[in-house]
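Contents: one structure, followed by commentary.
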Amino acid sequence: MHYVILRDDDTSAVTPTHVLDTLYRPFLDRGLPVQLSVIPKVNTRATLPDGRPEWYLPNDPTALAETIAIGEHHELTAYLRANREFGIVQHGFEHTFQEFLATDDLRIRRSLYDGAKLLVDAGLGRPSTFVAPQDRISPSALRHLAERFRVVSTCWFERAQVAGAWWPPYLLKKALGRPHWRAGECAMLSHPGSLLTHTREPRAQLDALRRHVGNHRLTVVVTHWWEYFRREQYDPAMLGLLHETADWLASARDVRVVSFDDVARGLVPLH
Ligand SMILES: [Zn+2]
């Protein structure tokens with residue numbers, strides 16, 4: 001059996017509810033879980049490295065308050081509570097650029113605590129899983145994440161990030177060429193980059209995705225809702241790709257779609 005986790009990043013208090021439903025209705029109706037990385041308190045001034053507003057912000061973010069907690073988007077949080085196939089993942093705190101490259105222990109701890117509290121206060125439950133903005137994690141942040149969460153999902157792990165006590169499992173993973181490993185009780189899951197993205201041809205993407213899943217025990221598939229709704233316009237080719245992916249995942253006999261919580265509960269083999 002091959003296992004797939006579908007992870008969609010950058011849901012926040014400025015995400016239109018209809019976009020998530022348009023993208024994921026074919027998954028939800030088939031009982032396929034979808035993992036949403038939710039920004040607890042979105043910073044509407046966050047920019048890309050070139051200074052443009054982040055892709056997940058609306059066209060005129062300066063008209064909004066500087067930060068908005070997820071609980072302020074009542075329509076979205078009610079929708080997420082009503083559709084339990086959505087798994088809620090903590091995605092940083094404000095999602096400012098590389099915020100978890102911080103080395104200040106107090107700041108890291110406070111961001112993790114305050115972020116989780118905002119998700120709980122919004123009725124979304126206490127997250128078992130963490131995803132860092134831009135997949136960037138400092139060594140001290142990784143230590144705190146492993147203590148606080150049951151799963152960390154990121155693009156890759158480097159030896160310099162990993163505390164000495166975890167070198168044996170980390171080096172074993174490297175030696176065996178495995179994507180995933182465990183730091184104590186915490187499952188450390190890497191992913192192969194964005195397999196579903198508007199920058200590549202849809203047919204080639206689905207073929208690459210099927211190949212990757214077939215060659216691995218557990219694949220974390222990362223995408224972003226704003227790739228299907230760029231600057232507030234739906235992209236029909238990307239939507240078609242996503243819904244074709246849902247058809248394939250629902251019909252493939254040797255593939256099971258699981259949640260991060262399933263991994264946290266030890267129900268999914270990592271390799
Ligand atoms: Zn993000």
Side-chain angles (χ1 to χ4, degrees), residues 5-17 19-20 23-24 34-59 61 64 66-73 76-77 80 86-102 107-108 111-112 114-116 118-119 122 124 127-138 141-142 144-145 148-149 151-157 161 188-199 220-232 235 238 242 259-260:
I5 292 175
L6 183 62
R7 181 188 120 188
D8 182 306
D9 289 356
D10 300 334
T11 289
S12 79
V14 296
T15 302
T17 307
V19 177
L20 295 180
L23 265 63
Y24 292 112
V34 176
Q35 312 303 295
L36 297 180
S37 302
V38 176
I39 304 167
K41 189 180 184 183
V42 65
N43 188 314
T44 61
R45 307 299 186 260
T47 59
L48 301 163
D50 65 7
R52 285 179 301 161
E54 273 277 9
W55 288 106
Y56 55 77
L57 293 171
N59 283 339
L64 301 168
E66 190 168 337
T67 60
I68 312 175
I70 185 68
E72 292 185 44
H73 194 338
L76 176 64
T77 51
L80 296 177
F86 284 120
I88 305 300
V89 174
Q90 184 172 345
H91 190 28
F93 180 48
E94 291 189 10
H95 205 292
T96 48
F97 189 62
Q98 299 186 347
E99 66 183 348
F100 279 85
L101 270 188
R107 187 178 148 199
I108 293 166
S111 296
L112 294 177
D114 290 350
L118 288 170
L119 296 176
L124 302 178
S128 67
T129 302
F130 185 87
V131 168
Q134 294 94 29
D135 278 331
R136 301 307 300 275
I137 304 173
S138 70
L142 191 65
H144 288 292
L145 294 177
R148 190 176 181 94
F149 291 89
V151 183
V152 171
S153 170
T154 194
C155 197
W156 71 92
F157 298 92
Q161 280 176 301
M188 298 285 183
L189 308 184
S190 64
H191 67 77
S194 284
L195 291 173
L196 299 175
T197 172
H198 69 273
T199 56
V220 180
V221 178
V222 176
T223 193
H224 306 84
W225 61 267
W226 45 261
E227 302 221 45
Y228 307 80
F229 191 67
R230 285 200 305 288
R231 297 295 181 231
E232 304 185 15
D235 179 332
M238 281 298 293
L242 186 67
S259 67
F260 284 121

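Keep in mind that the numbers below use all heavy atoms, side chains included, and drop hydrogens, waters and symmetry copies. Both ligands and their constituent atoms are indexed starting at 1 by order of listing. For clarity, every value in this text was computed on a predicted model and none was experimentally measured.
- Here Asp9 pairs with Arg7 under the salt bridge (charged side-chain N to carboxylate O under 4.0 Å, His left out) rule; sequence neighbours left out.
- Aromatic rings from Phe130 and His91 are positioned such that their centres are separated by 6.0 Å or more.
- Each of Leu36, Thr17, Ile70 was checked for a side chain to side chain contact (heavy atoms under 4.5 Å, CB included) with Leu80, and the lone residue meeting it is Leu36.
- Listed by chain and residue number, nothing satisfies the salt bridge (charged side-chain N to carboxylate O under 4.0 Å, His left out) test with Arg231 (two or more places apart in sequence, or in another chain).
- The number of protein N, O or S atoms lying under 2.8 Å from the Zn ion (ligand 1) is 3.
- Every residue meeting the salt bridge (charged side-chain N to carboxylate O under 4.0 Å, His left out) condition with Arg230, not counting sequence neighbours, appears here in chain and number order: Asp235.
- Side-chain atoms of Thr67 do not come within 3.5 Å of backbone N or O of Asn43 as any donor-acceptor pair.
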